[in-house]
Amino acid sequence: MTNSNIRVRFAPSPTGPLHIGGVRTALYNYLFAKKHGGSFILRIEDTDQTRFVPGAEQYIVDAFNWCGLTFDEGVTVGGDYGPYKQSDRKELYKSFTEELLEKGHAYYAFDTPEELGAVRIQYESEKKTFIYNYEERKRLRNSITLGAEETNKLIDEGSPFVIRFRMPEDETVIMNDIIRGKVEVNTSVLDDKILFKSDGMPTYHLANIVDDHLMKISHVIRGEEWLPSLPLHVLLYDAFGWEKPEFAHLPLLLKPDGNGKLSKRDGDRLGFPVFPLQWTDPKTGGISSGFREDGYFPGAFVNMLAMLGWNPGDEREIFSLEELTEAFSLERVGKSGAKFDPVKAAWYNHQYLVKEDDEVLANLLMPIAIENGYFVEIEQLVNAVSMVKDRANFVKDLWGQLDFFFVRPETYDEKAVKKRWKADSYDQMEELKGVISGIPDFTSENTEKVVKQWIEDKGYGMGMIMNAFRLVIVGALKGPHLFDIIELLGEEETLERIDQGLHEIGRKE
RNA sequence: GGUCCGUUCGGCUAGUCAGGUUAGGCCCCCAGGUUUUCAUCCUGGUAACACGGGUUCGAAUCCCGUACGGACUACCA
């Protein structure tokens with residue numbers, strides 16, 4: 001079971017809140033690691049200092065705490081392979097870049113972004129595609145065209161430079177992906193990617209490979225958007241002479257409507273969250289909704305995400321994190337993108353809500369009751385919750401399903417009155433008061449027995465009485481078993497509601 | 001434009017590697033049933049192998065092509 005050689009990492013960039021695609025990637029990493037007794041590592045990839053967003057890193061940590069995903073190593077918990085934040089590893093990347101330079105796998109390039117931009121526009125106008133590759137590099141300003149002397153001179157002068165990977169010409173890179181199988185690419189269509197930026201920081205590509213190697217990552221499980229850079233990464237491992245990890249590129253999460261990758265804006269546009277937790281943009285102050293704040297249980301959220309792109313191969317759908325861990329395998333991850341479906345997400349939450357203890361639900365509901373202006377007994381709330389919980393998807397739905405336990409009807413559903421309040425109803429309800437008052441043990445069973453006996457003795461219609469009764473108690477033809485309701489209400493309140501109903505609805509001619 | 005990846009009911013998907021099933025399940029939707037009401041629940045139903053060629057006795061499954069979708073194509077990750 002235990003296999004300490006299995007080491008995976010989730011490596012987000014703290015440029016904003018993590019969206020559910022990222023959470024799912026992390027989840028699959030977690031499940032894979034736990035399944036094999038390996039380690040799950042959190043590494044922060046903050047090599048782009050221009051995109052730093054305050055609070056984003058904390059958000060990421062908070063989100064995983066809420067989901068119940070725990071890291072074995074990483075920024076918050078430490079570990080033997082730290083530091084786990086790339087900005088703290090800055091110096092380290094330099095020596096590795098040197099190594100590549102010495103081996104001839106990389107070179108200095110002095111082209112400015114402006115120069116390159118101009119070339120790109122030029123090519124575009126000629127309907128050609130500009131690729132900084134083996135051919136184009138011959139015409140540009142770099143250590144290959146300039147020679148060692150000129151290069152050193154420029155560097156000594158303090159000219160800004162980047163270091164690029166020297167992509168070989170016309171070689172076929174054969175890669176294996178656990179999910180997609182064999183993938184082949186010819187290096188001639190690839191470009192000389194920048195490995196080291198002029199600001200002294202590595203790019204993702206370099207830092208990623210160096211860190212994965214140093215942290216002894218065994219499996220790289222990441223989003224499909226990284227598949228196009230896999231050849232570069234593979235070539236980098238080879239250039240260093242390092243053993244490669246295994247790769248698994250996960251399918252993307254798509255918009256529920258139309259096409260395209262699920263994006264941060266879709267949530268607001270379509271009215272559902274795309275983030276695990278609510279996020280307040282530090283710059284604009286704009287708020288994006290979160291699954292937590294929308295009332296999702298973390299278990300339901302994780303369960304729902306797990307099933308987007310993976311399935312156990314049998315017909316089970318409800319899984320705890322432990323059960324997911326047990327059942328998970330990368331081989332059963334699908335190849336194609338999955339559309340996120342908010343309706344099914346709500347269904348998952350319903351499953352979890354129904355299974356949750358009534359006490360727990362009542363305690364979660366209490367603040368909502370208070371918000372509505374009702375200070376209710378927790379015991380009563382627990383009872384009411386137990387009767388209506390299978391009608392709700394979210395805790396916040398519960399109040400609307402049981403408020404009549406605590407609030408007398410203010411109105412009486414017009415259609416129901418019209419249909420169910422007959423000419424005899426007034427007198428029958430008046431009579432019912434006498435029947436139920438003074439029942440020694442005002443339990444559901446007792447009152448039901450007494451009332452049904454009365455209906456039978458008098459030869460009244462069951463539906464006639466019960467609907468009218470429900471109408472005066474609830475105000476509408478809805479809700480759980482009526483005798484359960486009045487048990488909770490108690491005799492006094494029941495009688496008063498009948499009185500109020502008689503007064504409000506009146507006699508029907 | 002180029003490169004790579006993908007394509008089974010409206011959505012998530014099983015089945016594809018090892019060709020032979022009435023192509024299954026869940027969500028949604030619809031219809032019945034149960035219930036004093038609503039909801040739950042139960043039963044049933046609608047609905048799919050992108051298209052075109054091959055290979056084969058037989059193709060969702062293997063091969064080729066086409067279409068469509070997506071990702072990538074930054075001194076962003």
Side-chain angles (χ1 to χ4, degrees), chain A residues 11-15 45-48 50-51 109 111-113 116-117 120 123-124 127-131 160-164 177 179-181 183-186 188-191 193-199 201-205 207-208 222-231 249 251-252 254 256-261 304 307-318 331-332 334-348 350 354 388-392 401 413 416 419-420 452 455 461-471 474 476-483:
Chain A
S13 193
T15 54
E45 307 218 328
D46 57 346
T47 52
D48 185 358
T50 63
R51 294 210 304 162
D111 323 277
T112 65
L116 291 176
R120 284 202 179 87
Y123 272 59
E124 184 121 349
K127 295 227 190 286
K128 288 196 290 183
T129 308
F130 174 77
I131 306 175
F161 63 86
V162 299
I163 295 167
R164 287 182 181 269
D177 183 277
I179 294 168
R180 274 149 234 284
V183 178
E184 289 185 34
V185 174
N186 188 290
S188 291
V189 301
L190 270 19
D191 62 345
K193 275 273 177 289
I194 291 172
L195 301 177
F196 202 83
K197 300 184 277 189
S198 59
D199 67 357
M201 283 292 240
T203 60
Y204 168 84
H205 303 292
N208 190 263
R222 78 233 291 200
E224 192 186 348
E225 69 268 26
W226 292 112
L227 196 52
S229 32
L230 182 56
H249 289 87
L252 265 16
L254 276 16
D257 67 331
N259 307 312
K261 184 165 82 156
M304 176 274 294
M307 304 306 285
L308 243 33
W310 172 85
N311 74 82
D314 53 41
E315 282 165 5
R316 289 176 295 163
E317 290 200 276
I318 304 300
E331 284 70 26
R332 293 208 62 85
K335 291 178 170 65
S336 48
K339 283 185 184 173
F340 169 71
D341 180 4
V343 177
K344 185 98 188 221
W347 176 81
Y348 272 106
H350 174 76
V354 170
V388 303
K389 67 195 236 185
D390 59 6
R391 298 153 187 266
Q401 294 290 346
D413 183 69
K419 196 173 173 197
R420 299 295 191 180
K452 281 188 170 170
I455 292 171
M462 178 71 87
M464 177 102 168
I465 298 294
M466 291 308 296
N467 282 302
F469 192 11
R470 178 175 294 278
L471 197 50
V474 177
L477 298 181
K478 63 166 192 179
H481 193 56
L482 188 52
F483 296 101

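Here the structure is a predicted model, which is why all the values come from computation and not from measurement.
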Whole angstrom value for the distance that separates P of B:G69 from CD of A:Glu224: 16 Å
Watson-Crick or G-U wobble mate for B:G58, both contacts under 3.5 Å: none
Any N/O donor-acceptor pair, A:Arg180 side-chain to B:C5 base, under 3.5 Å: no
Heavy-atom side-chain proximity of A:Asp48 to A:Thr15 below 4.5 angstrom: no
Could you list, one pair per line, each protein nitrogen or oxygen that sits under 3.5 Å from a nitrogen or oxygen of nucleotides 41-48 of chain B, together with the distance?
none

OP1 or OP2 of B:G2 under 4.0 Å from side-chain N/O of A:Lys127: no
Could you go over nucleotides 11-17 of chain B and give all protein N or O partners under 3.5 Å, atom names and distances?
residue: B:C12; atom: OP1; partner: A:Lys339; partner atom: N; Å: 2.9
residue: B:C12; atom: O2'; partner: A:Met307; partner atom: O; Å: 3.2
residue: B:U13; atom: OP1; partner: A:Gly309; partner atom: N; Å: 2.8
residue: B:U13; atom: O3'; partner: A:Asn311; partner atom: ND2; Å: 2.9
residue: B:A14; atom: OP1; partner: A:Asn311; partner atom: ND2; Å: 2.7
residue: B:A14; atom: O3'; partner: A:Arg332; partner atom: NH2; Å: 3.2
residue: B:G15; atom: OP1; partner: A:Arg332; partner atom: NH1; Å: 3.2
residue: B:G15; atom: OP1; partner: A:Arg332; partner atom: NH2; Å: 3.2

A:Ile179 or A:Ala476, whichever maps to the more 5' nucleotide of RNA chain B: A:Ile179
Earlier contact from the 5' end, RNA chain B, for A:Asp390 and A:Val183: A:Val183
Base partner of B:C49, which must satisfy Watson-Crick or wobble distances under 3.5 Å: none
By side chain to side chain donor-acceptor pair (under 3.5 Å) - contacts of A:Gln401 (at least two apart): none
Donor-acceptor under 3.5 Å (A:Lys389 side chain, A:Val354 main chain): yes
A:Lys197 side-chain N/O to B:A77 phosphate OP1/OP2 under 4.0 Å: yes
Separation of atom CH2 in A:Trp226 from atom P in B:A77, rounded to whole Å: 8 Å
Sugar-phosphate only, base, or nothing, as touched by A:Pro231 at under 4.0 Å among non-hydrogen atoms: nothing
Sugar-phosphate, base or nothing in reach of A:Asp413, heavy atoms under 4.0 Å: nothing
Counterpart base for B:G6, defined by Watson-Crick or G-U wobble contacts under 3.5 Å: B:C68
Rounded distance (Å) that lies between atom P of B:U35 and atom CZ of A:Arg391: 16 Å
Rounded C1' spacing from B:U43 to B:G6 in Å: 38 Å
Listed partners of A:Arg316 passing salt bridge (Lys or Arg N to Asp or Glu O under 4.0 Å), at least two apart: A:Asp314
Contacts of A:His350 that satisfy ring-ring contact (aromatic ring centres under 6.0 Å, His included) - sequence neighbours left out: none
Closest nucleotide among B:A77, B:C5, B:U36 to the A:Thr47 side chain: B:A77
Exam field: side chain A:Arg120 to backbone A:Phe130, donor-acceptor pair closer than 3.5 Å: no
Whole-Å C1' distance, B:U21 and B:A67: 29 Å
Distance, rounded to the nearest Å, where A:Leu482 contributes CG and B:A39 contributes C1': 15 Å
Non-neighbouring partners of A:Arg470 that pass side chain to side chain contact (heavy atoms under 4.5 Å, CB included), sequence neighbours left out: A:Val474, A:Leu477, A:Leu482, A:Ile485
So which protein N/O to nucleotides 62-68 of chain B N/O distances come out below 3.5 Å?
none

Between C1' of B:C75 and CG of A:Asp199, the distance in whole Å: 7 Å
B:G25 versus B:A47 - spacing of their P atoms, nearest Å: 14 Å
Whole-angstrom distance between B:U61 and B:U56, as gauged at atom C1': 13 Å
A:Tyr348 OH to B:C27 C1', straight-line distance once rounded to whole Å: 9 Å
Touch class at under 4.0 angstrom, heavy-atom based, for A:Thr15 against every strand present: nothing
Sugar-phosphate only, base, or nothing, as touched by A:Val162 at under 4.0 Å among non-hydrogen atoms: base
With A:Asp341 via side chain to side chain donor-acceptor pair (under 3.5 Å) - residues at least two apart: none
Nearest-neighbour nucleotide for the A:Ile194 side chain, B:U37, B:A74, B:A77 considered: B:A74
Paired nucleotide for B:A77 [Watson-Crick or G-U wobble; both distances under 3.5 Å]: none
Of the listed nucleotides B:U37, B:A77, B:G25, the one nearest the side chain of A:Arg470: B:U37
Complementary nucleotide of B:U36, counting Watson-Crick and G-U pairs under 3.5 Å: none
Given B:C27, B:G25, B:C75, the nucleotide with the shortest approach to the side chain of A:Trp347: B:C27
Proximity to the side chain of A:Glu225 - top-ranked nucleotide from B:G70, B:A77, B:U36: B:A77
Any donor-acceptor N/O pair under 3.5 Å between B:U36 base and A:His481 side chain: yes
Side-chain donor or acceptor of A:Ser13 paired with backbone N/O of A:Glu45 under 3.5 Å: yes
Set of side chain to side chain donor-acceptor pair (under 3.5 Å) partners for A:Asn311, sequence neighbours left out: A:Arg332
Close side-chain approach of A:Lys193 to A:Arg164, heavy-atom, < 4.5 Å: no
Side-chain N or O of A:Arg120 closer than 4.0 Å to phosphate OP1/OP2 of B:U73: no
C1'-based separation of B:C57 from B:C41 [nearest Å]: 49 Å
Pairing residues for A:Ser188 by the side chain to side chain donor-acceptor pair (under 3.5 Å) criterion, not counting sequence neighbours: A:Asn186
Length of the CG-P vector between A:Leu195 and B:C75, whole Å: 12 Å
Proximal nucleotide (of B:U37, B:C76, B:G1) relative to the A:Thr203 side chain: B:C76
Euclidean distance, atom NZ of residue A:Lys261 to atom P of B:A71 [Å, nearest integer]: 7 Å
Partners passing ring-ring contact (aromatic ring centres under 6.0 Å, His included) against A:Trp226 (at least two apart in sequence or in another chain): A:Tyr204
For A:Lys197, all residues meeting salt bridge (Lys or Arg N to Asp or Glu O under 4.0 Å), sequence neighbours excluded: none
Full working for side chain to side chain contact (heavy atoms under 4.5 Å, CB included) between A:Leu230 and A:Arg222: CA-CA 11 Å; A:Leu230 182 56; A:Arg222 78 233 291 200; 4.2 Å; yes
Base paired to B:U43 (Watson-Crick or G-U; both N/O distances under 3.5 angstrom): B:A31
